[in-house]
Number of protein chains: 2
Amino acid sequence: MPFTYDFPRPALTVDCVVFGLDGAELKVLLIRRKAAPFAELWALPGGFVEMEETLAQAAARELQEETGIRDVFLEQLYTFGAVRRDPRGRVVSVAYYALVQSGKYPPRAASDADAVEWFPVSATPALAFDHAEILSVALVRLKNKVRYQPIGFELLPPKFTLTQLQRLYETLLEQPLDKRNFRKKIQSMSLLVELDEVQKEVAHRAARLYRFDKRKYRQLEKQGFNFEL
Amino acid sequence: MPFTYDFPRPALTVDCVVFGLDGAELKVLLIRRKAAPFAELWALPGGFVEMEETLAQAAARELQEETGIRDVFLEQLYTFGAVRRDPRGRVVSVAYYALVQSGKYPPRAASDADAVEWFPVSATPALAFDHAEILSVALVRLKNKVRYQPIGFELLPPKFTLTQLQRLYETLLEQPLDKRNFRKKIQSMSLLVELDEVQKEVAHRAARLYRFDKRKYRQLEKQGFNFEL
DNA sequence: CCAAAAGTGTTTCACTTACACCCATGA
DNA sequence: TCATGGGTGTAAGTGAAACACTTTTGG
C-alpha cells in the first residue's frame with residue numbers, strides 16, 4: 001500500500017545506553033566511530049530503524065550487531081528530536097537503555113572487531129552527536145528507577161551475595177547504606193531466595209549466595225506490592 | 001547537505017493525550033477523524049512531524065491546530081513503533097501528554113470547528129490506531145507521576161482550595177484521603193502560598209484560596225527535597 | 001593467629017494513621 | 001435556622017535509623 005502522505009520525513013534511529021557494573025563502579029559501553037560524521041569519536045551503539053522491525057527490535061539488533069550483546073534488559077528511555085542533532089540532516093533517535101552483567105561482556109567482545117570499550121560513567125570521553133545528553137538522561141533514569149523497581153539485579157550475576165547487592169545500591173544511589181538495615185529490608189520483601197551455596201575462593205568467611213525470584217515479584221506486584229529501597 | 005543514508009524510512013508523527021479534570025472526574029480530549037483511515041472514529045490529536053521543528057514543538061503545534069489549546073504542561077510520554085500500527089504504512093509516533101485546566105477549554109474550542117470533545121477516561125469511545133494503548137500508558141504514567149512530582153497543580157486553576165486539591169488526588173490515586181492528614185502533609189511541604197482571598201458564591205463557608213509556588217519548588221528541589229504525597 | 005569480610009538485634013525517633021467536633025456562610 | 005462544606009489537634013502505631021560485636025575462613 002503506497003503511503004498517502006509523502007512529505008519529507010526525518011530519518012529514524014535507535015541508540016542504546018548500555019550500563020554495566022564493574023566492582024563498585026558503574027560503566028557504560030561505547031563504540032568508536034569509523035565513519036563520518038564524528039569519525040574516531042566515541043558514541044553509543046545504535047543505527048537506523050528498518051521498515052519491518054519494531055523500535056525494541058531495532059535496538060536489540062543494533063546492540064547485537066555492534067557489541068555482540070543480546071538477551072539483556074532493554075527498555076525505552078526517551079526520544080531525542082532536536083532539529084540539528086545530526087549534521088547529516090534531520091534524524092530523530094529513540095534511545096533505549098540496557099542493563100548487563102559487564103563480566104559477561106569483556107571489552108572486546110564486539111562481533112566486527114571494532115573498538116568497543118567500557119568507560120566509567122563519571123569519566124567518559126567526548127561523545128558524538130548529542131550522546132552525552134542521552135547518557136545523562138539515562139543515568140538520571142537509572143538512578144531513580146532503581147529505587148522503586150527491582151531492576152538492579154540485571155546488573156548482577158544470577159547468584160550474588162547480599163554485600164554485592166548492597167554495593168550495587170550504594171554505587172547507584174551514591175550514598176552509603178547501613179548493612180543491618182539493608183539486609184533487614186531486602187530480606188523482608190522476600191524476593192530473594194537463599195541458595196545452598198556460598199562464595200568460593202575468597203580469603204575470608206564465604207558469603208551465602210542468593211538469587212532474585214522474578215516469578216515471586218510478578219506475583220506480589222499484582223497484589224499491589226511496591227518494591228522500594 | 002544531502003543525506004548520506006537514503007533508505008526507506010518510517011513516517012514520524014506526534015500524538016497528544018490531553019488530560020483535564022471536571023469536578024471529580026478525569027477526562028481526556030478526543031477529536032473525531034474526518035478522513036480515512038478510521039474516518040468517523042475518535043482519536044488523539046496529533047499529526048506529522050515537520051522537518052524544521054522539534055518533537056515538542058510538533059506536539060504543541062498539533063495541539064494548537066486541532067484543539068486551540070496552547071501554553072500548557074506538555075511532556076513526552078513514550079514512542080510507539082509497532083510495525084502495523086497504521087494501516088497506511090510504517091508510522092512511528094512519539095506520544096506526549098498534556099495537563100490542562102479543562103474549564104478553560106470548553107468542548108468546542110477547536111479552531112477548525114471540528115468535533116472535539118472531553119470524555120471521561122473510564123468511558124472513552126472506540127479509538128483509532130493504537131490510541132487506546134497510548135491512552136492507557138498515559139494514564140499509568142499520570143497516576144504514578146502525580147505521587148512524586150507536583151504536576152497535579154497543572155490540572156487546577158492558578159488559585160484553588162485545599163479541598164479541590166484533595167479531590168484531585170483522590171481522583172487520580174483512586175482512593176479517599178483523610179482531610180486533616182492531607183492538609184497537614186501538603187502544608188508541611190510549604191509549597192503552597194496562602195492567598196488573602198476566599199472562594200466566592202458558595203452556599204457555605206468560603207474556603208481559603210492557595211496557589212502553588214513553582215519558584216519555591218525548584219529551589220527546594222535543588223536542595224534534594226522530594227515531593228511525595 | 002591475623003586479616004578480612006560475614007552475619008546478627010535492640011532501642012530511639014519520626015512519620016503516618018485514625019479519628020470528631022465547631023465554624024462560617026448563603027439560602 | 002438549617003444545610004453545607006471549611007477548618008482544626010492529639011494519641012497510638014508502624015516503620016526507619018542508628019549502632020558494635022562475634023563468627024568464619026584462608027593465608
Side-chain angles (χ1 to χ4, degrees), chain A residues 21 23-25 146-148 150 156-157 159-171 173-211 220 223-229, chain B residues 21-25 146-148 156-157 159-171 173-211 220 223-229:
Chain A
L21 208 58
E25 203 169 30
V146 88
R147 293 182 165 276
Y148 61 91
L156 292 179
K159 299 173 181 182
F160 51 85
T161 68
L162 294 181
T163 301
Q164 279 180 292
L165 188 61
Q166 183 180 340
R167 296 265 173 280
L168 181 154
Y169 278 102
E170 288 176 329
T171 301
L173 303 178
E174 294 179 297
Q175 58 172 327
L177 299 172
D178 179 87
K179 182 159 65 161
R180 277 177 287 191
N181 292 337
F182 178 80
R183 284 166 181 243
K184 220 180 308 167
K185 180 133 190 196
I186 206 87
Q187 307 222 50
S188 76
M189 292 191 246
S190 55
L191 290 173
L192 297 190
V193 179
E194 186 175 332
L195 301 174
D196 285 333
E197 270 178 275
V198 292
Q199 261 183 331
K200 291 276 151 147
E201 293 159 22
V202 284
H204 53 77
R205 176 171 176 181
R208 167 141 270 124
L209 290 170
Y210 294 79
R211 70 172 176 81
L220 288 174
Q223 295 162 27
F225 165 83
N226 272 316
F227 178 90
E228 193 174 332
L229 185 98
Chain B
L21 208 57
D22 181 3
E25 202 169 30
V146 87
R147 293 182 165 277
Y148 60 91
L156 293 179
K159 298 173 181 181
F160 51 84
T161 69
L162 293 181
T163 300
Q164 278 181 292
L165 188 61
Q166 184 179 341
R167 296 265 174 282
L168 181 154
Y169 279 103
E170 289 176 329
T171 301
L173 303 178
E174 293 178 297
Q175 58 171 326
L177 300 172
D178 179 88
K179 182 161 65 161
R180 278 177 287 193
N181 292 338
F182 177 81
R183 285 167 181 241
K184 219 182 308 167
K185 179 133 190 196
I186 206 88
Q187 307 224 50
S188 76
M189 293 191 244
S190 54
L191 289 173
L192 296 190
V193 180
E194 186 175 332
L195 301 174
D196 286 332
E197 268 177 277
V198 292
Q199 261 183 331
K200 292 277 150 139
E201 295 160 22
V202 285
H204 52 78
R205 175 172 176 181
R208 166 139 270 127
L209 290 170
Y210 293 79
R211 67 173 178 82
L220 288 173
Q223 296 161 26
F225 164 83
N226 273 316
F227 178 90
E228 195 175 333
L229 185 97

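Residue numbering restarts at 1 for every chain, and letters A, B, ... go by the order of the sequence lines. In what follows, every heavy atom counts, from backbone to side chain, and hydrogens, waters and symmetry copies are set aside.
In this structure, the nucleotide among C/dA18, D/dG5, C/dA4 sitting nearest to the side chain of A/His204 is C/dA4.
Open room surrounds CZ on B/Arg147; 12 or fewer heavy atoms of other groups in view lie less than 6.0 Å from it. More than 12 heavy atoms of other residues, nucleotides or ligands lie within 6.0 Å of CZ in B/Arg183, so this atom counts as buried by the packing criterion.
B/Arg208 has its CZ atom 15 Å from the C1' atom of C/dT25, to the nearest Å. Following rounding to the nearest Å, B/Arg183 (CZ) and D/dG5 (P) show an atom-to-atom distance of 14 Å. The separation between B/Phe160 atom CZ and D/dG6 atom C1' is 16 Å, rounded to whole Å. In this entry the distance linking CD of B/Gln166 with P of D/dG7 reads 12 Å, nearest Å. A straight line from CD of B/Glu228 to C1' of C/dC15 spans 12 Å, rounded to a whole angstrom. Spacing between atom CG of B/Asp178 and atom C1' of D/dT8 amounts to 12 Å, rounded to whole angstrom units. Following rounding to the nearest Å, B/Asn181 (CG) and C/dA14 (P) show an atom-to-atom distance of 19 Å. As a whole-Å value, the separation of A/Tyr210 OH from C/dA6 P is 11 Å.
Here the side chain of A/Gln166 pairs a donor or acceptor atom with the backbone of A/Leu177 at under 3.5 angstrom.
Put simply, OH on A/Tyr210 and CD on A/Gln164 are 12.5 Å apart, with the number rounded to the nearest 0.5 Å. Note that the CG atom of A/Leu209 and the NZ atom of A/Lys200 stand 9.0 Å from one another [nearest 0.5 Å].
Positionally, the nearest nucleotide of DNA chain C for A/Leu162 lies more toward the 5' end than for the other of B/Lys185 and A/Leu162. If A/Val202 and B/Ala206 are placed on DNA chain D by their nearest nucleotide, the residue sitting closer to the 5' end is B/Ala206. Each of A/Ala203 and B/Lys179 has a nearest nucleotide on DNA chain D; the 5'-most of these lies closest to B/Lys179.
For A/Thr163 and C/dA6, the shortest distance from a side-chain N or O to OP1 or OP2 is below 4.0 Å.
Under 3.5 Å, the side chain of A/Lys184 and the base of C/dT10 form at least one donor-acceptor pair of N or O atoms. In terms of polar N and O atoms assigned as donor or acceptor, the side chain of A/Arg180 never comes within less than 3.5 Å of the base of D/dA17 in a complementary pairing.
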